[in-house]
2 protein chains.
Amino acid sequence: MVMSANRGDIEMTLDERKRQILQSIIRDYVETAEPVGSRAVVRKHDLKISAATVRNEMADLEEMGYLEQPHTSAGRIPSERGFRYYVDCMMENENLSEEQMEELRNAITKNVRDLDEVIANVAHFLSQITRYTSFIVVPSIHTSQFRYLQLLPLNPGEALLLLVTDLGLIMHRKIEIPKGVSHQDLENIGALFNNVFANRRLEELRRTDLQVIREELHQRRKIIDTALDAVDLLLQSSHDDRVVISGVLNMLNEPEFKDLDKLRRFLSLIEEENTIKNHLPQSSGESLNISIGQENPDDMKDMSVVMAGYKSFDELGTMGVIGPIRMEYWRAAGTVEAVRMLIKDILS
Amino acid sequence: MVMSANRGDIEMTLDERKRQILQSIIRDYVETAEPVGSRAVVRKHDLKISAATVRNEMADLEEMGYLEQPHTSAGRIPSERGFRYYVDCMMENENLSEEQMEELRNAITKNVRDLDEVIANVAHFLSQITRYTSFIVVPSIHTSQFRYLQLLPLNPGEALLLLVTDLGLIMHRKIEIPKGVSHQDLENIGALFNNVFANRRLEELRRTDLQVIREELHQRRKIIDTALDAVDLLLQSSHDDRVVISGVLNMLNEPEFKDLDKLRRFLSLIEEENTIKNHLPQSSGESLNISIGQENPDDMKDMSVVMAGYKSFDELGTMGVIGPIRMEYWRAAGTVEAVRMLIKDILS
DNA sequence: TGTTAGCACTCATGACCATCGAGTGCTAAC
DNA sequence: GTTAGCACTCGATGGTCATGAGTGCTAACA
């Protein structure tokens with residue numbers, strides 16, 4: 001079931017008719033982005049009650065805080081609290097069709113070259129199916145294990161430092177080598193590293209081992225130092241989580257982004273892909289998490305986020321979609337959940 | 001001097017006063033995005049003639065096609081032809097300030113980890129200084145030379161195929177290895193590749209050599225085939241030029257993009273970074289090139305592009321900025337030119 | 001007691017219109 | 001050739017009004 005953020009303890013007791021009316025209003029409003037009137041509710045959903053009755057119920061729902069009226073004599077729109085109630089107590093995730101599942105499986109498993117491509121594929125899938133903007137936060141690779149370090153001579157005075165992990169991830173950096181260091185030296189140094197580091201986690205590397213090596217080898221001081229510094233830099237640069245974003249353009253179809261200012265704020269939020277993860281709501285473990293409007297951190301209070309965590313080699317990543325508050329939560333939740341499950345299956 | 005695209009052979013003969021008026025209108029219009037009236041011209045630029053005179057001249061300029069009138073009783077705006085004349089015959093590039101030059105030099109040379117970072121820095125610099133959207137097309141690396149191929153065992157049944165070029169660029173791919181292939185085998189195979197490929201250009205690799213190796217080695221057929229296929233795939237995937245884009249957000253400040261449709265078209269143009277290079281005007285060698293409105297390929301006919309080629313290891317890349325037709329060409333041209341020169345200096 | 005029909009009321013929206021003013025083109029005088 | 005003057009154009013602005021969707025309330029009804 002859906003994890004509720006559950007701010008402002010929501011009354012769970014709505015009679016069936018109120019629930020039905022709330023649902024109708026939410027579905028209509030999400031579809032049209034216009035306030036929904038009492039007549040529209042009875043007409044569209046073939047309710048066996050009159051518009052006047054619906055009006056009474058709507059007044060009640062407004063009183064309870066689930067609906068809002070932009071102005072007298074307009075229809076009602078769901079409040080954020082209304083969406084929250086719907087999401088927590090009424091919604092059923094919309095399942096992907098068989099073709100969509102197939103598409104998803106292909107995106108993850110078929111003909112992919114490397115991890116980066118899988119991630120890009122999944123992000124694209126998410127944004128394409130939900131028609132919102134998707135994001136994937138890829139945890140940094142601290143916990144992957146060291147496999148090789150190699151120093152390959154490139155050109156005179158230059159060598160390539162290669163660091164390979166058990167996942168086949170590679171970090172590399174060009175370094176300068178002082179004169180008088182032979183190819184054999186480079187190989188020896190590589191071997192030394194490999195001995196000391198074998199099967200260690202990357203995050204452990206940074207602590208003391210570098211120092212150990214430094215002390216262990218006094219001759220060839222200069223080149224070793226260079227190599228060590230380079231390794232240190234590599235590890236540093238791999239420290240940040242990566243963020244992949246897809247489907248920004250989808251937002252332009254949402255009427256809420258007709259407002260240029262709102263659009264600009266959204267785009268600057270995601271322009272630097274790395275900053276966005278500071279603005280995302282806290283993820284809670286691997287479960288599905290829906291964060292609506294004001295429930296979000298500062299710069300996203302006029303949007304909603306449907307996201308889930310996933311475990312990748314012991315690190316927790318997140319992925320999900322960002323859309324307007326007037327979001328098709330059922331579809332977004334269904335899609336994110338499907339992706340989460342599939343990833344979980346595959347990684348275990 | 002600026003290369004002229006020179007469609008529609010432009011009359012070079014405008015008397016000094018007309019030139020001055022045209023210039024005033026262009027500067028004002030670029031700044032305000034509003035039609036410029038005769039009064040505004042004399043006032044703003046302290047001309048020693050009356051508004052009525054300016055009106056006469058403006059009527060002439062309109063007749064010649066350098067100005068347009070959105071409607072009677074509005075001021076004039078420069079036509080694309082007007083901009084073209086200005087760019088070809090009147091404009092002087094605006095030079096970067098000393099601080100900006102310093103910033104540029106830092107972006108390219110200081111504390112950069114690798115080529116990717118330099119490119120990102122330059123793109124960022126371009127968009128930041130010009131306040132338009134910048135792009136850099138990085139040519140594929142066909143002509144770089146083969147240095148190493150290595151097969152590193154990762155986990156049982158898995159190995160990492162590494163391809164290193166003289167520039168320290170790396171391509172890698174995880175491959176499966178059949179049972180019964182030892183580490184020593186992998187090393188031998190790597191050595192074989194290295195012998196055959198040593199110091200060859202990557203683009204040559206794809207032709208016949210793969211076949212040669214295949215024939216040369218009948219034992220260990222399976223693993224070799226896998227490796228060869230992987231190499232082939234790697235080369236294929238490095239076939240496309242990379243495109244880096246920066247400063248998309250700047251466009252939102254341009255009033256021409258208040259129009260949501262125009263904005264959407266622009267964003268979809270650059271959403272997939274790789275598609276944009278099909279829409280860019282043809283670059284002509286390494287010189288500065290300005291392409292205005294209709295002079296552009298289909299999807300960019302309501303924008304302008306200021307770009308230059310640059311040579312990187314014998315391959316031609318391009319970089320530049322995209323902006324509205326109402327562009328500060330002098331600033332864009334100055335900035336792109338400065339970057340071009342600096343890159344040229346550094347690469348030689 | 002819950003439901004419904006009826007009706008007066010509200011308010012956003014869009015059409016219509018008068019006004020205003022920036023800017024032009026033209027003419028006649030300098 | 002230049003300029004002052006003037007009538008004219010046309011978009012922008014703002015006010016008025018009719019329209020219609022939608023409400024809340026009241027009274028009648030089951």
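Source: prediction; values computed, not measured. Throughout, protein chains are lettered first and strands after them, A, B, ... in sequence-line order, and every chain is numbered starting at 1. Side chains are part of it too, since the values below use all heavy atoms of this structure and drop only hydrogens, waters and symmetry mates.
- Whole-Å rounding puts the A:E68 CD to D:dT23 C1' distance at 17 Å.
- What separates CG of A:L67 from P of D:dT23 is a distance of 11 Å, to the nearest Å.
- Base pairing of C:dA28: its partner is D:dT3, meeting the Watson-Crick or G-U wobble criterion (both donor-acceptor distances under 3.5 Å).
- Of the candidate nucleotides D:dA4, C:dT4, D:dT2, D:dA4 has the atom nearest to the side chain of B:A52.
- A:E34 places its CD atom 14 Å from the P atom of C:dA12, with the value rounded to the nearest Å.
- Taking 4.0 angstrom as the limit, B:T53 places a side-chain polar atom (N or O) nearer than this to OP1 or OP2 of D:dT3.
- Atoms CD (A:Q69) and C1' (D:dG22) sit 9 Å apart, rounded to a whole Å.
- For the residue pair B:R76 / B:Y66, no side-chain donor-acceptor distance below 3.5 Å is found, with atom types taken as modelled.
- Side-chain contact check for B:R19 and B:Y85: at least one donor-acceptor pair (N or O, by modelled atom type) lies under 3.5 Å.
- For the pair B:T72 and C:dT24, the criterion of a side-chain N or O lying under 4.0 Å from OP1 or OP2 is not met.
- Counting only N and O atoms by type, the side chains of B:R331 and B:Y132 include no donor and acceptor under 3.5 Å apart.
- Computed from coordinates, the B:I21 CD1 to C:dT24 P distance equals 11 Å when rounded to whole Å.
- Residue A:R55 has its side chain nearest to D:dT23 when only C:dG25, D:dT23, C:dA5 are considered.
- Distance, B:M58 CE to C:dG23 P: 9 Å, rounded to whole Å.
- Across the protein-nucleic acid pair, A:D28 atom CG and D:dG22 atom P stand 11 Å apart, rounded to whole Å.
- Heavy-atom nearest nucleotides on DNA chain D were determined for A:P35 and for A:N56, and the one closer to the 5' end corresponds to A:P35.
- Position along DNA chain D of the nearest nucleotide to A:R39 versus B:E57 favours B:E57 as the more 5'-ward residue.
- Pairs passing the ring-ring contact (aromatic ring centres under 6.0 Å, His included) check and including a residue from residues 245-270 of chain A, sequence neighbours excluded, read A:F257-A:F266.
- Here D:dG22 sits opposite C:dC9 as a Watson-Crick or G-U wobble pair (both hydrogen-bonding atom distances under 3.5 Å).
- Within the 4.0 Å cut-off from OP1 or OP2 of D:dG11, not a single side-chain nitrogen or oxygen of B:S73 is found.
- Checking C:dT24, C:dT4, C:dA12 against every side-chain atom of B:R76, the shortest atom distance belongs to C:dT24.
- The CZ atom of A:R84 sits 8.5 Å away from the OG atom of A:S304 when rounded to the nearest 0.5 Å.
- At whole-Å resolution of the value, NE2 in B:H71 and P in D:dT9 are 14 Å apart.
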